[in-house]
Number of protein chains: 2
Amino acid sequence: MNKPNTRNQHGISGKDDRQLMFSLINAGRAIEQSLEEALTPIGLSLAKFGALTHLVEAGEPLSLSECAKKMTCVRSNITQLMDRLEADGLVRRIKDPQDRRTVKAALTRLGRERQSAGAKEVARVQAELRKTLDGINQGALRRALSAIM
Amino acid sequence: MNKPNTRNQHGISGKDDRQLMFSLINAGRAIEQSLEEALTPIGLSLAKFGALTHLVEAGEPLSLSECAKKMTCVRSNITQLMDRLEADGLVRRIKDPQDRRTVKAALTRLGRERQSAGAKEVARVQAELRKTLDGINQGALRRALSAIM
DNA sequence: TTCGGTTTATTCATATATGAATAATACAGG
DNA sequence: CCTGTATTATTCATATATGAATAAACCGAA
């Protein structure tokens, strides 16, 4: 990667960069940044791509609550995200006749296409990252990350 | 840690969690989340703590531009963050007579105390993380992270 | 069947970020 | 000394998040 991290908001890393905790935070943000940059040209953000991807994977419309669960965020966030996705023409809200409280998000054709284009870009970033981490012990890395979460 | 990740906005992790890229993003977010939770009781966010810490480390007032550089973010962000820190009584804006364009941020007594309390909490989280990562190869992890950034 | 608790989405207030536009100041070179 | 360019902070519009409050709809138990 070797891109400058332009999104380390707190900017804490102690006296040296070797502090593991902040390195992990910064690494995560650096990758997010790369993904955002890769998605920008096709008109997506990481948040939007995430929502579209869950809808594609589900293969059917999902209620906004289900979306919130899959994206591990609060529902008011999904309300807003869907507003933007709907404004972009990538998603359509449909009412659920079974449960009139529920609103489902359905992909539009454009939404499906956009997600597919996004997936290609994400795969590209992922391949870059794999190459970057080529020489290192990925097993150790995976074990560490799964210990954290 | 083993706290549920309640802040994985995109929520993408593919079919399995083994996808390194999203694991890294999620690990970073999980740690951020722990830090936010640790700082909340003392009235700080990670962003606020970061700003205070840079001021403490500098040992003197810093211009808002210098703060933005240290925190690797745009200046309009610092303007807003300083507004909130000033409202909290943790920082004071002082005009620079040498350069009348410049506004410097100076720690208040309360700001210094709050940062110090925050640093203790951060150290606690850091110690927890160290313990979590006890069994794993931290050298490999460090090398991986420095490769990414 | 009505009542009360739960779930649904939305709205509102707020925090944190970006980036563009603006205004004031500095400063170098003619 | 002007003049143009750069730098400074701020403001504005926007995106992404949280959490509290609200309204509508559902559902089980009395």
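Lettering follows sequence order; numbering is per chain, from 1.
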Distance in angstrom units between A:Met71 CE and D:dA15 P, rounded
16 Å
Quick one, A:Thr53 and A:Glu57 - any side-chain contact, counting heavy atoms below 4.5 Å?
yes
How long is the span from the CG atom in B:Leu85 to the CG atom in B:Leu55, to the nearest 0.5 Å?
8.5 Å
Between C:dC12 and A:Ser76, is there an OP1 or OP2 to side-chain N/O distance shorter than 4.0 Å?
no
On a heavy-atom basis, which atom in B:Cys67 and which in B:Leu62 lie closest, and how many Å separate them?
SG-CB, 3.8 Å
Show every donor-acceptor pair shorter than 3.5 Å between a side-chain atom in residues 40-50 of chain A and any protein atom, with sequence neighbours excluded, or say none if there are none.
| residue | atom | partner | partner atom | Å |
| --- | --- | --- | --- | --- |
| A:Thr40 | OG1 | A:Glu36 | O | 2.7 |
| A:Ser45 | OG | A:Lys48 | N | 3.1 |
| A:Lys48 | NZ | A:Asp88 | OD2 | 2.7 |

With the threshold set at under 4.0 Å for non-hydrogen atoms, list the residues of residues 89-103 of chain A touching DNA chain D in residue-number order.
A:Asp99, A:Arg100, A:Arg101
Which nucleotide, C:dG19, D:dT18, D:dT16, lies nearest any side-chain atom of B:Val74?
C:dG19
Salt bridge between B:Glu128 and B:Arg124, side-chain N to carboxylate O under 4.0 Å?
yes
For a quick test of reading the model: is some side-chain N or O of B:Asn77 closer than 4.0 Å to OP1 or OP2 of C:dT16?
no
Pairing donors with acceptors under 3.5 angstrom, does anything connect the side chains of A:Ser65 and A:Arg75?
yes
Report the distance from atom CE of B:Met82 to atom P of C:dT16, rounded to the nearest whole Å.
12 Å
Identify whether any heavy atom of B:Thr79 sits under 4.0 Å from a base atom; if not, whether one sits that close to sugar-phosphate; answer base, sugar-phosphate or nothing.
base
Hey, does the side chain of A:Arg75 come within less than 4.0 Å of C:dT10's phosphate (OP1/OP2), counting only N and O?
no
